[in-house]
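These notes are about the structure you will find just below.
The chains referred to below are lettered A, B, ... by the order of the sequence lines, with proteins before strands, and numbering in each begins at 1. Please read all numbers here as calculations on a predicted model, not as lab measurements.
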Amino acid sequence: MRNAEIAAALRELGILYELDGADRFRVLAYKEAARTIAQSPVSVEQLAKEGRLTELPGVGKTLAQKVETLLETGTIPSADKLKAKFPATLVEVTRVPGLGAKTARRIYDEAGVENLVQLKEAAEQGRLSGIRGLGPKTEENILAALEGVTEDGLGERLLLSQVLPIAEQIRADLLELGVAERIEIAGSARRWAETCKDLDLIAVTPDPAALAEALATHGLAAESRRGGDAFASVLTHSGLKVDLRIGPEETFGDLLQHFTGSAAHNVQLRERALARGLSVSEHGIARVEGKRVHKFADEAGVYDLLGLPFIEPELREGRGEIEAGDTGELPDLVEVDDIRGDLHCHTTLSDGRNSLDEMAEAARGRGYAYLAVTDHSASHGFGNHVTARQLAKRIEEIRAWNESAPRGFRLLAGSEVNIDTDGSPDYPDELLAELDWVIGSVHTSFKISERAMTERVIAAMEHPLVDCIGHLTGRLLLRREPYAVDIERIAEAAARTGTMMEINGNPNRRDLNEGHAKLAAEAGVRIVCNTDAHGTETLANIRYSVATARRAWLSAKQIANTRAWRSFAPLRKRASR
DNA sequence: GCCGTTTTCGGCCCGACTGTTTTCAGTCG
């Protein structure tokens with residue numbers, strides 16, 4: 001059973017308890033445990049086998065036992081008991097925005113509503129407004145919210161790469177109009193999360209009404225939701241909800257900290273504050289006993305008063321960053337400017353959009369010292385494979401290009417070879433030996449067992465001419481699940497064989513993900529930040545690769561391609577042959 | 001249900017908003 005399934009079962013059980021009227025902290029405990037399990041980079045099923053479940057923060061004896069039962073029998077008895085008490089479909093009713101467990105339960109008890117279909121009927125027939133606490137306005141809101149229910153469910157998320165360009169555009173335009181003194185991107189976009197539910201912007205302005213109006217009439221805005229002196233919200237044509245919060249200059253740091261989150265980070269920060277007699281909110285930090293409120297125009301001041309160094313937004317996920325800040329063990333995170341070369345890109349030889357020359361020029365224009373050209377190999381199944389003969393010719397072409405290359409920049413003759421089901425690359429070794437750099441990637445036969453996939457990848461890493469593994473899990477965010485691999489075994493094998501592992505910066509992939517990347521780097525694996533660019537413009541996706549590295553707590557020295565060529569070259573596995 | 005540089009019991013983040021209420025419960029981020 002995958003972590004996501006275990007987490008979903010606990011989350012459901014938490015909601016069932018909530019529907020049953022359980023203590024809210026008990027419900028919170030289930031949701032917290034579900035969150036940590038969903039985020040765990042290692043298999044929770046494996047942890048259970050080793051009797052180590054309680055090592056997960058938020059998982060105690062009771063929850064560990066429930067997870068063990070779930071893994072053994074496929075169900076949790078307490079969940080079954082509650083499902084016999086009231087319909088389990090009430091869980092989906094609680095997912096309607098504005099409806100929670102309390103209301104869902106009351107609507108079930110008093111109007112017999114068991115699911116979303118019945119909810120819609122009841123609201124249309126006006127059968128909800130008689131219920132205590134519910135009126136005609138609530139009915140209206142429920143119907144409006146149900147309109148937004150799609151086949152895939154509620155609360156659709158967007159890729160960061162769909163959100164960030166909009167955020168940057170709106171911010172730049174509003175600043176240029178002169179309607180705001182300061183605007184910053186906050187929320188999950190500022191933390192460089194993989195996907196976002198909405199976009200949060202924070203602003204300081206002498207004229208809130210003018211700023212709200214400027215947002216409402218911005219070219220990207222399809223409709224204005226609502227506005228006021230401190231708040232404006234619009235929906236873009238692409239379906240992104242943009243919330244703009246306006247505050248005074250003197251608490252800008254407090255506001256930015258609050259709305260950058262994450263929720264888990266903020267909760268932990270406030271708990272730490274309370275232990276020191278301080279209460280943190282978006283308005284400042286107050287003494288619990290006393291009147292004095294500390295306000296900060298700058299975010300660093302907030303952390304400083306709590307005895308912490310500044311914590312980079314990418315780390316604010318409640319994964320130990322506050323403890324690390326306390327003990328002075330926060331990492332010095334890698335930055336985009338540290339990257340000296342890109343080791344994964346394509347040209348028109350396979351499925352890229354630009355020529356070798358164009359890609360080389362674009363890489364040079366970014367200030368890189370090297371670019372590995374890694375077109376797809378002989379068996380790439382999309383009609384754009386590169387035969388051994390074509391690759392041999394390409395190698396010569398690159399050698400010639402380097403002869404007349406500008407100083408301080410070189411092209412590497414590379415390939416992204418397919419890893420066959422038995423783990424072997426799909427070019428002959430003699431040809432691979434001619435190359436400067438080889439990435440091995442899985443592009444076929446995704447649906448094999450975790451054990452088979454793990455062994456397939458490890459076999460590829462044992463090959464002396466496979467320098468690096470590309471996009472390890474093959475996931476496509478919001479579209480295709482990752483294939484299951486045993487990341488601990490793979491990281492061990494990568495460290496042992498000296499095989500590097502890439503963080504693919506295609507914003508649909510971000511693969512290695514942050515959990516895998518952290519675990520691999522801690523196991524001693526050399527990580528590389530790549531783009532997998534299929535055109536000159538997507539070389540800029542390096543920022544997503546670096547973002548994942550930062551969210552994995554990685555420093556420049558843990559990323560191999562922050563090195564100049566002469567110190568990177570000997571790190572390649574082939575260099576030690 | 002979890003957890004411990006105040007605690008193995010008694011805590012468990014904070015405020016805004018909404019719609020329904022004459023003082024507040026529920027929901028959200």
Taking side-chain contact (heavy atoms from CB on, under 4.5 Å) as the definition, give me every residue that meets it alongside [X], ordered by chain and number, with sequence neighbours left out.
X	value
A:Lys137	A:Glu140, A:Asn141
A:Ala273	A:Leu278, A:Val280, A:Leu306
A:Thr260	A:Ala186, A:Arg190, A:Arg191, A:Leu256, A:Glu299, A:Pro313, A:Arg316

Separation of the [atom1] atoms in [N] and [M], to the nearest angstrom:
N	M	atom1	result
B:dT23	B:dC28	P	26 Å
B:dG29	B:dT22	P	27 Å
B:dG15	B:dC9	P	31 Å
B:dT20	B:dT27	C1'	14 Å
B:dT7	B:dC12	C1'	12 Å
B:dG11	B:dA16	C1'	25 Å
B:dG1	B:dT6	C1'	22 Å

**Report entry** Sub-4.5 Å side-chain heavy-atom contact between A:Thr538 and A:Thr531
**Finding:** no
Report task. Mind telling me whether A:Tyr17 and A:Tyr30 have parallel, tilted or perpendicular rings, with 30° and 60° as the class edges? Result -> tilted
Base, sugar-phosphate, or nothing for [X], non-hydrogen atoms under 4.0 angstrom?
X	value
A:Tyr30	sugar-phosphate
A:Leu269	nothing
A:Asn141	sugar-phosphate

What is the distance from [atom1] of [X] to [atom2] of [N], rounded to the nearest Å?
X	N	atom1	atom2	result
A:Ile131	B:dG19	CD1	P	17 Å
A:Arg276	B:dT6	CZ	C1'	14 Å
A:Leu28	B:dC12	CG	P	12 Å
A:Lys137	B:dC17	NZ	P	16 Å
A:Arg26	B:dG11	CZ	C1'	17 Å
A:Glu32	B:dC2	CD	C1'	10 Å
A:Asp23	B:dG10	CG	P	15 Å
A:Glu271	B:dT7	CD	P	17 Å

For residues 247-254 of chain A, tabulate all N or O donor-acceptor pairs below 3.5 Å that involve a side-chain atom, not counting sequence neighbours.
from, atom 1, to, atom 2, distance (Å)
A:Glu249, OE2, A:Arg182, NH1, 3.4
A:Asp254, OD2, A:Phe296, N, 2.8

Can you give me the N/O atom pairs linking the protein to nucleotides 14-16 of chain B at distances under 3.5 Å, or say none if there are none?
from, atom 1, to, atom 2, distance (Å)
B:dC14, OP1, A:Ser279, OG, 3.2
B:dG15, O3', A:His283, NE2, 3.2
B:dA16, OP1, A:His283, NE2, 3.0

Report summary line: Taken in chain and number order and not counting sequence neighbours, the residues that satisfy ring-ring contact (aromatic ring centres under 6.0 Å, His included) with A:His516 are none
Query raised in the report: With the threshold set at 4.0 Å, does a side-chain nitrogen-carboxylate oxygen contact exist between A:Glu522 and A:Lys518?
Result: yes
Requested in this report: Determine, for A:Glu184 against A:Arg171, whether the closest basic-nitrogen to carboxylate-oxygen distance falls under 4.0 angstrom.
Outcome: yes
Report task. Using the ring pair (Phe, Tyr, Trp, His ring centres under 6.0 Å) rule, collect all pairs that involve residues 78-117 of chain A, keeping only residues at least two apart or in two chains. Result -> none
Query raised in the report: Watson-Crick or G-U wobble partner for B:dT8, using a 3.5 Å limit on both distances?
Result: none
Can you pull every protein N or O that's under 3.5 Å from an N or O on nucleotides 25-27 of chain B?
from, atom 1, to, atom 2, distance (Å)
B:dG26, O3', A:Thr103, OG1, 3.1
B:dT27, OP1, A:Gly100, N, 2.4
B:dT27, OP1, A:Gly100, O, 3.0
B:dT27, OP1, A:Thr103, N, 3.2
B:dT27, OP1, A:Thr103, OG1, 2.7
B:dT27, O5', A:Gly100, N, 3.4

Query raised in the report: Which residues, if any, of residues 296-315 of chain A bring a heavy atom under 4.0 Å of DNA chain B?
Result: none
Report task. Using heavy atoms and a sub-4.0 Å distance, could you list which residues of residues 61-83 of chain A are near DNA chain B? By number, please. Result -> A:Lys61, A:Thr62, A:Leu63, A:Lys66
Query raised in the report: Hey, are A:Asp243 and A:Ser233 close enough side-chain-wise for a donor-acceptor pair under 3.5 Å?
Result: yes
**Report entry** Polar side chain donor-acceptor pair, A:Glu329 to A:Thr327, under 3.5 angstrom
**Finding:** yes
Query - Contact list for residues 63-84 of chain A, test salt bridge (Lys or Arg N to Asp or Glu O under 4.0 Å), sequence neighbours left out - result: A:Glu12-A:Lys83
Query raised in the report: Going by the salt bridge (Lys or Arg N to Asp or Glu O under 4.0 Å) test, which pairs reach into residues 50-65 of chain A, not counting sequence neighbours?
Result: A:Glu50-A:Arg52, A:Arg52-A:Glu55
**Report entry** DNA chain B: 5'-proximal contact among A:Arg245 and A:Ala29 (nearest heavy atom)
**Finding:** A:Ala29
Report task. For the pair A:Tyr303 and A:Gln257, evaluate side-chain hydrogen bond (donor to acceptor under 3.5 Å, both in side chains) and give the outcome as yes or no after the intermediate values. Result -> CA-CA 9 Å; A:Tyr303 289 98; A:Gln257 195 289 318; 3.1 Å; yes
